[in-house]
Structures are given as C-alpha cells and as structure tokens.
Amino acid sequence: MLTARQLTKRYGGLLALDRVSFDVHPGEIVGYLGPNGSGKSTTVNLVVGLLEPSAGSIALDDISLSEDPIAYKRRIGYVPEEPYLYAHLTASEYLTLVGRLRGIRARPLEQKISALLQLLQLHDSRYKSMTAFSKGMRQRVLVAAALLHDPHLIVLDEPFSGLDVNAGLLFRSLLRLLADEGRMILFSTHRFDMVEKLCSRVLILSAGRVAAEHRMSEFDPAGSRSLEDTFVRVTQQADYTPVARQILDIIRA
Amino acid sequence: MSDHRDEPWYLLTRHFFGALFDLGFLSEAAAESFKRMIIGICAAFLGFGLLLVRVAAGKYAYLASLDTPEPYRQMVLADHALLIALPMWVVAFVAVLIGHSLFPDETDFRVLMGLPITRRLVFGSKLLALALFTGMFVVGTHVALAPMFLVTSIGRWAAEPFLFRVAAYGVASLTASMFAVLAVTAVHGLLMLWAPRGRLIGASTATRSLLVCALVLALPLLVRMAFQPRAFANGAWWLVAAPPAWFVGVERWLLGDGRAHLSQLALVAALATSFVAAAASFSYAVLYRRFDRVILRPASSRTGAPGLFRRRLGIRRDPSRPVFTAIQAFTSLTLRRSVLHQGLLVALAAVALGLAANSLTMAGVWGWWARGGSASARLADAIVWAPFVLVFMISLAVRAALAVPIEIRANWVFRMTEEVDARADQLNAAAAVVWRLGVLAPVALMFPLQWLSLGPRAVVTALVTLVFGGLLAEILMRDWARIPFTCSYAPGKRFVPQSILIGLVSFVGFTTAGTTLVDLTLEAPAVGWVLVSVLMTAIGALRWRRTHYSRHTALAFEDALPVEINPLRLHGD
C-alpha cells in the first residue's frame with residue numbers, strides 16, 4: 001500500500017502542498033484531480049522521489065521513501081506528463097538503458113523490449129532516433145519504460161496526452177488489467193472522463209490541500225452529483241460563463 | 001506613426017538573433033556565469049592581442065631602420081595574411097558553432113508557417129539575424145586587430161596613401177570573412193538538401209565536428225603564415241591552398257600591385273567566393289521554394305543495424321555488470337550523436353593534435369620519414385612528448401564533454417533508478433571512458449610512430465605513458481560524482497585567468513614529468529620501474545577511494561556555483 005502522510009512542500013515562501021494525506025491500496029486506480037497550480041505535479045514528484053517534501057512522509061509497502069529511497073524507487077514505475085527522454089537514442093536503446101539500470105538481465109530484457117515494441121506498434125521505428133518521434137510515440141516509449149520492471153506502484157502524470165484513440169483504448173485496458181493483478185495506480189489528470197472510466201477512487205486537490213476524496217460509486221454521472229459538479233464545487237471554481245462572454249467581447253472589439 | 005519595434009520583421013529578427021545565443025543546456029544561473037566566463041576569455045584575448053602589437057611594433061621599427069624597402073614589403077604581405085586570416089577563422093568558427101541555426105528549421109516551419117506572415121519575411125529575418133550576428137564578430141575582430149594594422153601600415157616604406165591602404169585591406173578582409181561564412185553556410189545548406197532526413201542529424205554532427213577539427217588544426221598553420229614573407233614575395237605553390245593568401249592577392253590587386261602570382265591569388269579568391277556564394281544562395285533558394293518538402297520529407301534510413309546496436313548497448317559484454325555497460329553505452333552513443341559533446345571533444349582533441357603535429361614538424365619528422373634511418377635526438381624527444389600532450393588535452397576534453405548535460409529534464413530516469421550498490425559502477429563507467437578515449441587511444445595512436453623511431457624502447461615509452469596518463473585520468477575523476485551528461489552544468493566556477501594559469505602550469509608539469517619519467521626508465525630501469533610502481537599504487541588508491549566513497553556520496557544532478565560572497569566574519573562571533 002502507498003501511504004502519504006501530511007505531505008507539505010514549500011518553494012521558498014510559496015506553500016505548494018499543505019499537509020496532504022492519502023493511501024493507494026493494491027488493486028486500486030486512484031484518480032488525482034485538481035486545477036492548474038493546485039499541487040498535482042508537486043505531489044507526483046514527491047511520490048516518485050524526484051522532490052523531497054518539506055514535511056511529511058511517504059511509504060510503499062512499509063518501505064519509507066526517506067529512509068530507503070532506493071528500495072522504494074525499485075518498486076515504482078513513472079510516466080511523466082511531458083515526454084522527457086533522451087531523444088538522441090532509439091526506442092530500443094532507451095528501453096535497454098532503463099532496463100539495465102533497473103538490473104534486468106540482458107536476454108530477458110531484449111525479449112521483453114522486442115515484444116513490447118511490437119505490441120506498442122513501435123517495432124518498425126525501433127532503430128530510428130526518437131528525435132523524429134511524435135509526442136504519442138514518445139509517450140508509448142515512456143509507458144513501456146515504466147512497466148519494464150513490473151512495478152508495484154505505477155504513477156501516471158497525464159499519460160494519455162498525445163496518444164491517439166487506439167493507443168488510449170489500449171492503455172485503458174492495460175491499466176485495468178494491472179489493477180486487477182493487484183498493482184497500485186496513481187493517476188494524475190485533468191480529464192474527468194478518464195477518471196470516470198478508469199478509477200475506483202478520486203482525490204480532488206485545491207490550493208495545495210485535499211478538498212475531497214470519493215469512491216467513484218458515490219457519483220451519479222447523469223444526475224446532479226457528477227464528478228464535474230463536485231470538482232467545481234470543492235475547488236470553488238467560478239462560473240466561467242461571464243468570463244467566456246468577456247473573452248468573446250474582447251475578440252469582437 | 002508605428003514604431004519599427006512593432007514590425008514583424010523586427011520582432012522575428014530579434015527572435016532569431018536571440019536564439020543564436022541560446023546554448024540550450026544552461027540554467028538561468030549558469031547562463032549568467034557563462035556570460036562572465038566569455039567576458040573573461042575576451043579580456044584574456046585582448047591582452048594577448050596587445051602583446052602581439054608590442055612584438056610587431058619592435059619588428060616594424062627594425063624594418064623601417066633598414067636601407068631597403070624590400071624586407072618591409074615582404075613582411076607586410078605575410079602579416080596582412082595573418083590580419084585577414086584571424087577574422088576569417090573567428091567568423092568561420094562562429095558559423096560552425098551556430099550551424100544548426102544557419103537555415104530556418106522544422107521548428108520555424110511548424111511555428112511560423114501557421115502564422116499570417118510570408119515565407120519571404122521568415123527567410124529575410126533569418127538572413128538579417130545571421131548577418132547581424134556574424135557581422136558582430138567580423139567588426140569585433142577587425143577592431144581588435146586595428147592597432148596591429150596601423151603598425152604595419154604606417155612607416156617609412158609604406159608606399160600607398162594610408163586611406164587607400166585602409167580601404168584595400170577593408171575590402172579584402174571583409175570579403176574574406178564573408179567567404180568564410182558563405183563556405184560554412186554552403187556546406188550546411190547542401191547537406192540539408194541532399195542528406196536523407198534519417199541521416200541528417202548524424203551527417204550534420206559529423207560535418208560540424210570535422211569542420212571544428214579542421215579549423216582548430218588550421219590555426220597554427222595560419223599563425224605560421226606570418227613567418228613566411230618570402231613565400232608571398234616569391235609566390236610559393238602552397239599559397240593557392242591557403243584561403244587567407246587569396247585575399248592578400250585581392251588587397252594587392254586593389255592597391256595596383258601587378259605581380260602575376262598575386263593577381264592569380266586574387267582570381268582564385270574571386271572564383272572561390274563566387275562559388276560558395278552560389279552554393280549558399282542555391283541552398284537558401286531551394287529551401288525557400290520547397291520549405292515544406294525539404295523539412296518534412298520522410299525519414300527513410302535507420303540509425304544502426306541490429307548487430308551493431310546490440311554491441312553498442314553492451315548486451316553481450318560483461319553481463320555481471322549491467323549498470324556499468326548501460327552507462328558506457330549511453331556515454332558512447334551520446335558522444336557519437338550529440339553535436340555539442342562531439343564538437344567539444346573534437347575541438348580540444350584537435351588542439352592537442354595540432355600541438356603534437358607542430359612539435360613533430362619542427363623536429364623534422366617529415367624529413368626523417370622521407371630519408372629513413374634513425375631519428376635525431378630532438379625528433380625522438382618530440383615523439384616521446386607528443387602522446388603526453390594528447391593524453392593531457394584529450395583526457396580533459398573527455399571529462400569536459402561528460403560534464404555537459406544532454407536533455408537535462410530527462411535525467412529523472414537516472415534519479416529514479418539510482419542504486420547504492422550500482423553507484424561505483426556508474427562512476428567507474430565514466431572513468432573508463434576517460435581512460436579509453438583520453439589515455440589508451442592517444443597512446444595507441446602514437447605507438448606505430450614510436451616503434452618506427454625508437455624500436456623496442458617504444459614499448460617502455462608506451463607503458464610509462466599509459467601509467468602516467470592513467471594517474472591523470474584518476475586524478476581528474478577523483479571527485480566525479482555524476483552520471484555522464486545528466487547533471488546541470490555551471491561554467492566559470494573559477495576566475496578565467498586563474499583557470500588558464502592552472503591549466504598551463506599543469507600542462508607543463510604533466511608533460512615534463514612524464515617525459516622525464518620515460519627518460520629515467522630507459523636510462524636507469526630499476527629507479528624508473530620503482531617510480532612507475534609507485535604511480536600504479538597511487539592509481540589503485542584513487543580507484544579504491546572513488547569506489548569506497550561512492551557508497552556514501554549521493555550522485556549529483558545539480559551543479560552548484562560557488563557562494564558568491566564569502567563573509568569575513570570580522571565580528572568574532
């Protein structure tokens with residue numbers, strides 16, 4: 001189980017995250033929603049160990065991130081929001097690099113990469129430098145890299161950005177299967193539809209704090225208690241219709 | 001009335017001009033530090049230029065005191081060749097460095113072509129920005145060399161009116177600089193048009209590295225031109241192969257000098273400039289007319305064959321150390337494919353090759369090669385010295401290249417896969433690259449020449465060089481705590497003149513101590529081998545230290561600048 005307790009992060013004088021606590025249980029896909037600047041990316045960076053919290057603790061299967069970061073990171077796979085990867089390498093080279101760093105032995109790694117590239121429709125491009133790859137292709141490489149070592153926890157930061165419809169459907173099915181097998185998935189996104197279709201639970205973040213936490217079964221998509229309505233209410237989003245009107249007026253001027 | 005600063009051409013030109021300064025791998029703080037470093041380097045060069053003027057003033061005072069004008073006239077030709085060559089070299093080097101920005105690229109195409117602006121505006125602004133950028137260096141170098149020009153042009157034997165001389169030199173030298181920029185542009189343009197898209201990055205990287213290497217190696221030859229006044233007076237055959245000499249021909253032709261060989265040089269200059277101008281214009285014109293087709297043509301070729309790919313990734317090598325082989329493969333692939341890293345390595349390696357070649361030439365290696373027999377004592381010394389020069393410079397170059405990041409935001413993958421047990425392998429993989437490229441390769445390169453000239457003694461020489469070079473590699477990597485290319489880079493951590501001084505002293509110390517150790521080992525083997533054993537022990541100790549401390553020291557992913565202000569703590573708290 002992933003446990004985050006009282007997570008706080010300050011950037012100088014700015015409080016980006018304020019005493020955020022949550023759990024992700026095996027077999028769960030937890031959606032992490034919030035408007036821009038609410039602290040979603042900061043949380044993700046803390047959970048994957050790229051940032052250190054100013055206060056609070058994170059543990060995965062009783063392994064504390066602060067006490068044994070290496071053992072902790074061994075158990076997680078991460079797909080970042082932007083496809084930051086070494087684009088001068090080919091997809092095969094990049095996956096081999098990641099696999100070797102993860103300590104996967106050469107022969108099984110080679111077979112795994114070949115099969116994954118085939119299934120992700122990247123096999124024809126395996127010897128091409130990723131500089132020529134589209135965002136969707138890079139995103140597929142990142143997903144493969146995150147899953148190579150069969151992680152316990154998978155942290156996804158907007159994993160569907162740039163993916164075409166087919167790849168999006170494939171990943172949705174894959175994430176469900178991973179969850180069915182007992183993996184924990186933390187899924188940070190802006191997309192309500194994805195959360196509704198995929199997640200078993202949702203955390204809504206606002207101004208650096210957890211504003212709401214619900215099981216998906218508590219929502220009624222067709223009725224007044226939809227995820228979107230809840231989001232708008234708890235994050236105190238203004239009614240944007242007047243703003244939209246003002247924009248229209250400015251464009252017309 | 002609208003301000004010109006609101007005009008699209010102004011905005012675009014400013015955008016393109018600013019982008020030419022963007023190195024792309026420095027953080028904001030590091031960019032500030034980089035500017036300070038550049039200012040320091042400029043100051044050092046300015047001091048060196050003033051020193052040159054002082055030397056030239058003495059020389060021309062002597063020439064003015066002679067009874068005949070002939071030595072002065074010969075010397076002016078040679079010195080003006082240097083005065084033309086230096087701006088040419090600087091501007092060509094700058095053009096090679098910004099080679100990726102000489103033409104509008106795919107980003108320009110995707111971002112700008114979607115806007116309601118004409119293609120003519122994009123290309124025109126790009127050309128204007130390039131002209132301003134290169135012009136800045138042309139003007140700067142000419143201003144810096146103006147005192148030297150004055151020294152050569154004012155004197156008892158100066159025949160033509162001063163202003164006439166200024167005009168002739170100005171036209172010849174500016175045309176020469178233009179030739180240099182156009183030549184580099186033509187090479188890049190033709191490459192862009194004809195290289196397959198899949199091979200374009202590789203071809204561009206290799207071309208830029210070759211150009212950097214050629215330019216660095218040409219520098220000592222350009223300086224040597226200033227010492228060949230008779231060659232200019234008599235029309236030596238090799239002048240036709242030296243572009244700065246062509247433009248000396250132009251200057252003399254403008255001044256009305258009718259000597260046949262100088263007129264021929266002027267003709268070569270005119271033909272060569274026309275050719276590169278035509279090639280550069282052709283490239284721009286084709287790109288202009290077929291922007292979309294050139295930029296977006298399909299990438300058809302592969303980066304590498306599967307067998308080679310497996311070898312590169314170390315799949316078959318040392319299966320017990322996966323992290324070591326992975327880091328080595330990552331390093332090797334980056335050095336092959338990154339323009340910046342390869343360029344840095346090649347430029348510094350070319351300086352080393354230039355120094356070694358210059359020393360061997362001065363010691364008469366070509367004469368010995370032609371006639372055979374045993375090498376003179378001077379040549380033997382130069383042959384022993386050369387690998388030490390290569391080892392020193394190339395080891396530094398490799399270390400510098402490994403320290404410069406690539407895709408800094410992608411380093412999260414290393415941060416997430418960090419393992420305490422694997423850290424020693426990660427650091428040793430970087431050290432192994434310095435050993436291989438900085439020590440083993442130069443020793444192997446020089447060994448055939450050493451064998452031909454020194455016979456079996458070459459084996460002792462090579463072994464001592466290996467050990468001494470290995471010690472240097474270990475010293476350079478003693479505090480190394482990063483995976484190659486993954487840590488941000490902040491240049492200029494030390495005062496530039498101080499770095500230059502430390503570098504020079506280390507260079508002299510390393511090469512002198514190394515050659516002395518070789519001599520000692522050849523003449524008194526017992527003492528020599530004892531010393532070599534001591535050095536090997538030191539290497540072992542340094543390696544043990546790195547491995548041992550790697551368990552306790554986290555890898556660095558952020559380079560830190562030194563604290564700007566050191567408090568004196570005078571209050572005695």
Side-chain angles (χ1 to χ4, degrees), chain A residues 44-45 48-51 68-107 109-110 113-114 124-133 138 141-142 145-146 148-149 151 155 157, chain B residues 106 197-202 205 298-306 308-310 312-330 333-334 336-339 341 406-423 426 483 485-486 554 557:
Chain A
V44 166
N45 282 325
V48 299
L50 293 177
L51 283 178
D68 193 351
I70 308 294
Y72 175 93
K73 287 178 187 176
R74 234 178 255 153
R75 287 166 160 75
I76 63 175
Y78 168 50
V79 182
E81 182 180 4
E82 290 296 325
Y84 296 134
L85 37 67
Y86 293 102
H88 65 290
L89 302 180
T90 65
S92 289
E93 287 166 352
Y94 182 77
L95 292 176
T96 306
L97 173 70
V98 175
R100 303 286 266 173
L101 291 171
R102 293 270 186 203
I104 304 174
R105 283 183 298 123
R107 191 163 291 280
L109 176 64
E110 210 176 341
I113 290 172
S114 178
D124 291 345
S125 309
R126 67 194 183 282
Y127 299 125
K128 287 178 190 160
S129 146
M130 290 188 289
T131 43
F133 276 22
R138 290 182 188 205
V141 174
L142 284 171
L148 265 183
H149 59 298
V155 182
D157 198 355
Chain B
E106 189 172 344
R197 193 173 171 221
R199 295 270 183 216
L200 187 57
I201 293 173
T205 305
S300 54
S301 60
R302 291 171 157 193
T303 303
L308 182 64
F309 156 74
R310 267 200 295 273
R312 280 177 188 167
L313 265 291
I315 294 287
R316 302 274 176 251
R317 263 184 284 150
D318 203 358
S320 62
R321 299 168 75 192
V323 173
F324 183 86
T325 50
I327 300 294
Q328 275 212 323
F330 175 63
L333 291 170
T334 305
R336 278 169 211 224
R337 294 180 194 163
S338 160
V339 176
H341 297 86
I406 187 165
E407 306 258 14
I408 190 70
R409 288 173 303 187
N411 75 5
W412 62 269
V413 73
F414 290 102
R415 294 161 71 181
M416 287 205 55
T417 51
E418 205 184 335
E419 293 267 358
V420 174
D421 292 338
R423 214 180 275 152
Q426 287 170 325
I483 295 170
F485 320 118
T486 62
F557 291 101

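Sequence lines set the chain letters: A, B, ... in the order given, protein chains first and strands last, and positions in each chain run from 1.
For Thr417(B), the side chain to side chain contact (heavy atoms under 4.5 Å, CB included) partners at least two apart in sequence or on another chain are Leu101(A), Arg102(A). Scored by the side chain to side chain contact (heavy atoms under 4.5 Å, CB included) test, Ala91(A) finds Leu117(A), Met130(A), Phe133(A), Val141(A) as partners (sequence neighbours excluded).
Residue contact with chain B, scored on non-hydrogen atoms closer than 4.5 Å, is absent for Ala145(A). There is no contact between Asp421(B) and chain A, counting heavy-atom distances below 4.5 Å. Interface remark: Tyr78(A) contributes backbone and side-chain atoms alike to the contact with chain B (heavy atom separation under 4.5 Å).
When Glu419(B), Glu418(B), Arg415(B) are compared by the number of non-hydrogen pairs under 4.5 Å with chain A, Glu419(B) comes out ahead.
No donor-acceptor pair under 3.5 Å is formed between the side chain of His341(B) and the backbone N or O of Arg336(B). A donor-acceptor pair under 3.5 Å links the side-chain atoms of Trp412(B) to the main chain of Tyr84(A), judged by distance alone.
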